[in-house]
Amino acid sequence: MTVQQVLFLLFGAIAVGAAVGMVTARKVFHAALWMLLAFFGVAGLYVLLEAPFFAAAQLFVYMGAIGVLIIYAIMLTRGMMRQRLPRVNDQWWFAGLLAAVFLGVLAWLVWQHPWATTAAAVPGDSLNRLGLTLVDPEGFALPFEVASVLLVMALIGAVTIVRER
Amino acid sequence: MVPLQWYLILAAALFCIGLYAVLARRNAIAILMGVELMLNAVNINLVAFWRYTEPAAATGQAFAAFVYAVAAAEVAVGLALIVSIYRNRETVDVDEINLLKW
């Protein structure tokens, strides 16, 4: 095994283990902390995939922004934290069965196909190319602008929804 | 180098764990966390396919960037809805939020 494979198994184990911790945690605040650890594992995978921009964005956007937002929401709904409700609903066994079967089908499908085991080197200016593609009229300039409009609309919508009346 | 299918199977595992969280958890915030996990799994797939098939083009990375933007919008609106529901109904247990159920 190469160093990369060992690191993949390490970060993958962090991500999957933390994700399992997230769905099994009794308190939703603990689930949020597990979720942050899972995001950290995914950031490590981005480093292995030689996508440093996404590793940094994973830390800033997911662990930073989305993590803080979710912890804020948990604290704003604090009455829920004190109650000792069962953490899953009545259909948890069916949900678990469905997820397990879906995972089995996906794993079987992936295993069938001879995927690439090697890849061409990432060009040194890959971040430069990503930025140019995002603002290139022949590339993704229109979706890029639509995404910014979507973010502004989400911001205004969120403020409108939670405003006291 | 790590074979591509390792990434695909890992992403499938994360997706299915998130699916279980969405279908089985009672707390609406925990459901939203499951959705975030599913989006993350999709992003791993996008970046892995970019890395192994077309690293010279930036298309896969551009798609992953859009997933980030949509995830940020989704979590902002979703949490706003949850906080608003909590104000009105004093609960975020999705089993008790049944105003729109026939």
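No hydrogens, no waters, no symmetry mates; every other heavy atom, side chains included, goes into these values.
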Quiz item: What part of F94(A) gets closer than 4.5 Å to chain B, counting heavy atoms only: side chain, backbone, both or neither?
Solution: neither
Quiz item: So what's closer than 4.5 Å to chain B heavy atoms on Q5(A): side chain, backbone, both or neither?
Solution: both
Quiz prompt | Proximal component of A121(A), with respect to chain B [non-hydrogen, under 4.5 Å] | solution = backbone
Practice problem: May I ask you to decide if the ring planes of F40(A) and F11(A) are parallel, tilted or perpendicular, using 30° and 60° as cut-offs? | Solution: perpendicular
Self-check item: Contacting moiety of Y52(B), where chain A heavy atoms sit under 4.5 Å
Solution: both
Quiz prompt | Portion of V122(A) that has a non-hydrogen atom of chain B nearer than 4.5 angstrom | solution = both
Quiz item: Counting only heavy atoms not in M153(A), do more than 12 sit closer than 6.0 Å to its CE atom?
Solution: no
Practice problem: Indicate yes or no: does R89(B) engage E96(B) in a salt bridge with an N to O separation below 4.0 Å. | Solution: no
Quiz item: With chain A, which of A58(B), A80(B), A24(B) has the greatest number of heavy-atom pairs at distances under 4.5 Å?
Solution: A24(B)
Quiz item: Looking at L45(A), T133(A), L127(A), which makes the most heavy-atom pairs under 4.5 Å with chain B?
Solution: L45(A)
Exercise. Compute the centroid of each ring, for W115(A) and then for Y7(B), and state whether the two points are separated by less than 6.0 Å.
Key: no
Self-check item: Residue selection (most heavy-atom pairs with chain B, distance under 4.5 Å) from A99(A), A147(A), A15(A)
Solution: A99(A)
Exercise. Mind ranking V16(A), L98(A), L9(A), D90(A) by heavy-atom pairs under 4.5 Å with chain B and telling me who comes out on top?
Key: V16(A)
Quiz item: Under a 4.5 Å heavy-atom cutoff, which of Y20(B), W50(B), Y68(B) has the most pairs with chain A?
Solution: Y68(B)
Practice problem: Mark yes or no for whether R26(B), through its side chain, and D95(B), through its backbone, hold a donor-acceptor pair below 3.5 Å. | Solution: no
Self-check item: L81(B) portion near chain A, given a 4.5 angstrom heavy-atom threshold
Solution: both
Quiz item: Between Y62(A) and M35(A), is any pair of side-chain heavy atoms under 4.5 Å apart?
Solution: no
Quiz item: Checking R87(B) side chain against V162(A) main chain: does a donor-acceptor pair fall under 3.5 Å?
Solution: yes
Quiz prompt | A65(B), part contacting chain A, at a heavy-atom distance under 4.5 Å | solution = both
Exercise. List, by chain and then residue number, the residues other than V70(B) in its hydrophobic cluster (Ile/Leu/Val/Met/Phe/Trp/Tyr, side-chain heavy atoms under 4.5 Å); write none if there are no others.
Key: L150(A)
Quiz prompt | Residues that D125(A) engages under salt bridge (charged side-chain N to carboxylate O under 4.0 Å, His left out), provided they are two or more places apart | solution = R129(A)
Self-check item: Residue selection (most heavy-atom pairs with chain A, distance under 4.5 Å) from N40(B), L10(B), V83(B), T59(B)
Solution: N40(B)
Quiz item: Which class fits the ring pair F63(B) and F140(A): parallel under 30°, tilted 30 to 60°, perpendicular over 60°?
Solution: perpendicular
Self-check item: Sequence-distant partners of W34(A), ring pair (Phe, Tyr, Trp, His ring centres under 6.0 Å), two or more places apart
Solution: none
Practice problem: Write out, in numerical order, the residues from residues 65-73 of chain A with a heavy atom short of 4.5 Å from a heavy atom in chain B. | Solution: I66(A), L69(A), I70(A), A73(A)
Self-check item: side chain to side chain donor-acceptor pair (under 3.5 Å) assessment of N43(B) paired with Q58(A)
Solution: CA-CA 10 Å; N43(B) 250 352; Q58(A) 179 81 10; 5.6 Å; no
Self-check item: Most contacts with chain A, counted as non-hydrogen pairs under 4.5 angstrom, among I9(B), V47(B), V94(B), L39(B)
Solution: V47(B)
Quiz prompt | L8(B) and F49(B): CA distance, side-chain angles, deciding distance, side chain to side chain contact (heavy atoms under 4.5 Å, CB included) verdict | solution = CA-CA 9 Å; L8(B) 300 184; F49(B) 275 120; 3.7 Å; yes
Practice problem: With the side chain counted from C-beta on, respond yes when E36(B) and E74(B) share a heavy-atom pair under 4.5 Å apart, and no when they do not. | Solution: yes
Practice problem: Identify which of A71(B), A76(B), A72(B), A62(B) forms the greatest number of heavy-atom pairs closer than 4.5 Å to chain A. | Solution: A62(B)
Quiz prompt | Side chain / backbone / both / neither for S148(A) at chain B, heavy atoms under 4.5 Å | solution = neither
